[in-house]
Amino acid sequence: MPKQKQLQDIISHCKEYGFVFQSSEIYDGLQAVYDYGQMGAELKKNIKDYWWYSMTRLHDNIVGIDAAIFMHPTVWKASGHVDNFNDPMIDNKDSKKRYRVDHLIEAHAATLDEAAGKELVAKMELLLAADDFAALKQLIEDNKIKCAISGTANWTDIRQFNLMFDTQMGSTSTEEDDKVYLRPETAQGIFVNFLNVQKTGRMKIPFGIAQVGKAFRNEIVARGFIFRMREFEQMEMQYFIKPGTQKEWYEFWKQARTNWHKTLGIPAEQYHFHDHVKLAHYADAACDIEYNFPDWGFKEVEGIHSRTDFDLGRHQEFSKKKLTYFDTEENKHYVPYVIETSIGLDRTVMMVLSEAYEEQDLSTAEKQDSRVVLRFAPHLAPIKLAVFPLTKKDGLPDVAKELMDICRPHFKCFYEEKDAIGKRYRRQDAIGTPFCVTIDHQTLEDRTVTIRHRDSMEQERIPMDKVKDIVLEKIKQF
RNA sequence: GCGGGAGUAGCUCAGCUGGUAGAGCGACAGCCUUCCAAGCUGUAGGUCGCGGGUUCGAACCUCGUCUCCCGCUCCA
């Protein structure tokens with residue numbers, strides 16, 4: 001019987017076997033920043049490649065791009081990130097409730113008579129424009145504005161939370177105008193290149209643009225291992241469609257993404273769909289694909305959004321460049337609608353790790369025994385094949401190395417001759433290697449080897465010449 | 001951000017009323033050669049998260065700080 005999974009055990013395992021380390025650990029780490037180790041990097045890359053090929057190879061009408069992390073500052077005005085994430089906030093210390101300062105003051109102004117209310121709002125707007133937070137707090141205190149929940153006026157200082165990291169472009173510059181942001185999402189890199197790709201790729205609607213890349217969010221509270229990091233990687237695909245067809249395409253991608261998730265080797269009951277009732281400003285439909293994480297329950301891994309023409313429309317407005325498509329069937333120009341699929345790569349890594357992790361009790365009447373095994377889908381496993389000579393004598397290592405030479409160019413292999421064979425198997429279980437091949441004395445006679453399967457722990461004897469093709473067949477993605 | 005818990009070897013942890021660190025597993029080298037871990041011999045690895053204070057003396061008391069986990073909050 002597998003033991004109940006605990007997040008803490010999985011995190012320890014990730015550290016112990018080189019999947020995930022805390023960033024800058026020797027300096028006490030950096031909050032909510034993590035590094036992938038030798039195993040984690042392979043796992044992550046396998047997931048990334050699998051997504052990329054699922055999008056760009058299996059769909060003739062989806063192409064991939066790789067946009068820069070830095071973008072023109074106006075991009076973030078057009079996207080709404082600057083306006084929506086720069087509001088000064090204030091917390092009530094008693095109720096712990098956080099308010100947007102402008103909302104708090106406006107709500108209070110509404111309770112005053114008209115002239116006084118207008119005067120208060122006017123004062124507030126002057127101070128907001130000047131970013132004078134101390135005076136704003138004074139204004140709140142002078143007006144004896146209270147928290148609706150606690151009824152007290154016990155406020156923290158006003159703070160400005162900015163989701164976006166910024167830096168200066170140009171080494172000597174300190175001008176506000178030269179501020180550039182580290183992108184908080186990858187989607188905008190696709191939208192601003194919409195026309196470039198459509199024209200140069202001669203793309204016809206409907207078509208998609210896929211991208212994998214880093215994004216950065218200066219979260220106020222970032223926690224939860226690699227689930228919510230300040231620097232993270234997204235895999236996004238924006239699908240450009242004819243206005244009016246968004247319902248069908250939304251359903252299509254919902255289904256397509258669900259099917260993709262099933263091929264990760266995760267059972268359907270571990271997933272939930274969560275349809276958004278309250279929609280973001282750009283969306284006319286949205287849902288999350290949620291995975292049942294240990295300890296946490298269902299949490300979002302992927303979002304599918306029907307974004308209408310909001311993004312292209314805004315970029316058209318801000319850039320004053322036409323971002324329309326000429327539809328030869330309809331014989332007219334229009335701004336395409338967009339269906340977005342956006343999946344967190346790090347969250348997917350965590351999901352795959354969580355699902356794969358299993359502590360098994362293998363005890364028999366005679367002896368206690370257990371193992372930790374990562375039951376990765378073979379195409380995602382960091383190492384596909386381990387090759388073991390049963391002993392390091394009698395020329396067995398030479399034959400094993402011969403097999404290594406045959407397999408090495410095709411998939412990631414691992415060779416080991418140290419320790420008892422059982423111990424070597426268990427070490428591979430712990431990093432999720434699906435196949436182990438052992439060269440024994442019979443191999444010297446008839447060129448057969450045993451292949452041992454990770455999940456069943458069963459072995460079969462096969463010709464050594466077939467190992468490569470058997471493993472290739474099992475790790476085939478499509 | 002608030003509240004709670006925690007940080008000692010790669011991992012899990014012990015360490016009494018303060019007397020300058022231990023175990024198990026793991027790792028490494030060798031023996032054994034055996035198809036499912038814990039057999040034998042040996043080795044390495046810790047200024048006890050970091051910094052200050054109290055003390056003759058701090059892993060232990062105290063203050064600060066960093067990091068992680070849980071709950072709330074937040075979450076395009």
Side-chain angles (χ1 to χ4, degrees), chain A residues 6-9 11-18 21-34 37 76 79-81 83-85 89-98 149 156-157 159 161 163-164 184-185 187-188 215 217-225 227-228 234 276 278-283 286 288 295-296 299-300 303 305 307 310-311 340 342 360 362-364 367-373 388-394 396 417-430 436-442 449-454 456-461:
Chain A
Q6 305 249 283
L7 205 55
Q8 202 48 252
D9 298 333
I11 293 171
S12 296
H13 192 84
C14 282
K15 164 92 189 287
E16 189 164 5
Y17 289 93
F21 307 125
Q22 212 187 342
S23 163
S24 323
E25 196 189 346
I26 61 169
Y27 293 102
D28 289 335
L30 188 61
Q31 194 181 56
V33 185
Y34 291 88
W76 307 112
S79 70
H81 283 84
D83 288 340
N84 287 317
F85 288 108
M89 310 287 280
I90 191 164
D91 294 11
N92 183 272
K93 289 180 186 168
D94 299 314
S95 65
K96 317 294 183 203
K97 177 77 183 162
R98 177 169 297 151
I149 293 167
T156 63
D157 284 340
R159 282 162 301 189
F161 294 108
L163 180 86
M164 290 191 287
E185 64 174 30
Q188 301 305 324
R217 289 187 196 171
N218 200 1
E219 302 279 0
I220 303 157
V221 180
R223 256 195 321 216
F225 196 44
F227 187 84
R228 178 175 287 119
Q234 292 183 306
H276 290 205
K278 190 173 151 235
L279 295 169
H281 61 273
Y282 55 72
D288 295 337
D295 295 352
W296 297 344
K299 300 261 264 179
E300 178 187 358
H305 306 109
R307 296 180 75 122
F310 177 84
D311 302 279
E340 167 185 85
S342 174
Q360 296 176 337
L362 305 173
S363 298
T364 58
K367 77 169 190 174
Q368 291 267 306
D369 196 7
S370 66
R371 68 166 181 166
V372 173
V373 57
F388 305 142
L390 186 61
T391 78
K392 44 183 127 160
K393 290 180 181 163
D394 307 326
L396 297 183
E417 57 188 41
K418 192 180 139 38
D419 289 327
I421 195 74
K423 192 170 223 173
R424 282 180 267 171
Y425 286 151
R426 298 301 166 86
R427 272 200 280 257
Q428 294 307 309
D429 289 342
C436 297
V437 161
T438 299
I439 281 69
D440 58 17
H441 292 90
Q442 192 182 331
V449 297
T450 57
I451 185 164
R452 180 261 194 186
H453 299 273
R454 177 195 64 202
S456 64
M457 299 173 73
E458 277 164 10
Q459 301 173 54
E460 49 184 323
R461 187 159 277 276

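Contacts of S342(A) with the nucleic acid, taken as non-hydrogen atoms under 4.0 Å apart, are absent. Within 4.0 Å (heavy atoms only), Q31(A) reaches sugar-phosphate atoms of the nucleic acid but no base atom. If you check every strand for non-hydrogen atoms under 4.0 Å, Y27(A) touches nothing. Within 4.0 Å of R371(A), counting heavy atoms only, lies no atom of the nucleic acid at all. Among the protein residues, I421(A) comes within range of the sugar-phosphate backbone only, with heavy atoms under 4.0 Å from sugar or phosphate atoms but none that close to a base. Within the nucleic acid shown, L7(A) comes within 4.0 Å of sugar-phosphate atoms alone, with no base atom in reach, counting heavy atoms only. As judged by a 4.0 angstrom heavy-atom cut-off over every strand, E16(A) is placed among the base-contacting residues. Among the protein residues, Y34(A) comes within range of the sugar-phosphate backbone only, with heavy atoms under 4.0 Å from sugar or phosphate atoms but none that close to a base. Across all strands, S12(A) comes closer than 4.0 Å only to sugar-phosphate atoms, never to a base (heavy-atom distances). Using a 4.0 Å heavy-atom criterion, one finds that A32(A) contacts the sugar-phosphate atoms exclusively. Using a 4.0 Å heavy-atom distance criterion, G303(A) is classed as making no nucleic acid contact.
Ranking rU33(B), rC36(B), rC35(B) by closeness to the D369(A) side chain, first place goes to rC36(B). Which of rG26(B), rU33(B), rC35(B) sits closest to the side chain of Q459(A) comes down to rC35(B). For S370(A), the side-chain atoms get nearest to rA37(B) when compared with the rest of rC36(B), rA37(B), rC70(B). In this structure, the nucleotide among rA37(B), rC35(B), rU33(B) sitting nearest to the side chain of R426(A) is rA37(B).
Applying the 3.5 Å distance criterion, the base of rC69(B) shares no donor-acceptor pair with the side chain of Q8(A). No N or O donor and acceptor, one from the side chain of R223(A) and one from the base of rC68(B), sit under 3.5 Å apart. A donor-acceptor contact under 3.5 Å is formed by the side chain of T450(A) with the base of rC35(B). A donor and an acceptor atom sit less than 3.5 Å apart, one in the side chain of R228(A) and one in the base of rC75(B). A donor-acceptor contact under 3.5 angstrom links the side-chain atoms of D440(A) to the base of rC35(B).
Within the model, atoms CD of Q6(A) and OG of S12(A) stand 10.5 Å from one another, a figure rounded to the nearest 0.5 Å.
For rG3(B), the paired base is rC70(B) (Watson-Crick or G-U wobble, both distances below 3.5 Å). In this entry rC36(B) has no Watson-Crick or G-U wobble partner, no candidate having both defining distances under 3.5 Å. With a 3.5 Å ceiling on both atom-pair distances, the Watson-Crick or G-U wobble partner of rC25(B) is rG10(B).
Dashed line: the shortest gap from a side-chain N or O of K15(A) to OP1 or OP2 of rG10(B) is not under 4.0 Å. Distances shorter than 4.0 Å separate some side-chain N or O of Q22(A) from OP1 or OP2 on rC68(B).
Taking the P atom of each, rA23(B) and rC40(B) are spaced 16 Å apart, rounded to whole Å. Taking atom P in both rC50(B) and rU67(B), one finds a spacing of 15 Å when rounded to whole Å. Rounded to the nearest Å, the gap between the C1' atom of rA59(B) and that of rA9(B) is 14 Å.
Under 4.0 Å is where a charged nitrogen must lie from a carboxylate oxygen, and between K15(A) and E25(A) at least one such pair does. Electrostatic pairing of E340(A) and R307(A) counts as a salt bridge here, judged by a charged N lying under 4.0 Å from a carboxylate O. Classification of D440(A) and R461(A) as a salt-bridged pair holds, one side-chain N sitting under 4.0 Å from a carboxylate O. Residues R454(A) and D429(A) are not paired through a salt bridge, judged by the lack of any N-O separation under 4.0 Å between the basic side chain and the carboxylate. Looking at R427(A) and D419(A), a side-chain N of the basic residue comes within less than 4.0 Å of a carboxylate O on the acidic one, giving a salt bridge. Looking at D369(A) and R426(A), a side-chain N of the basic residue comes within less than 4.0 Å of a carboxylate O on the acidic one, giving a salt bridge.
In this structure, L30(A) places its CG atom 18 Å from P of rC50(B), rounding to the nearest Å.
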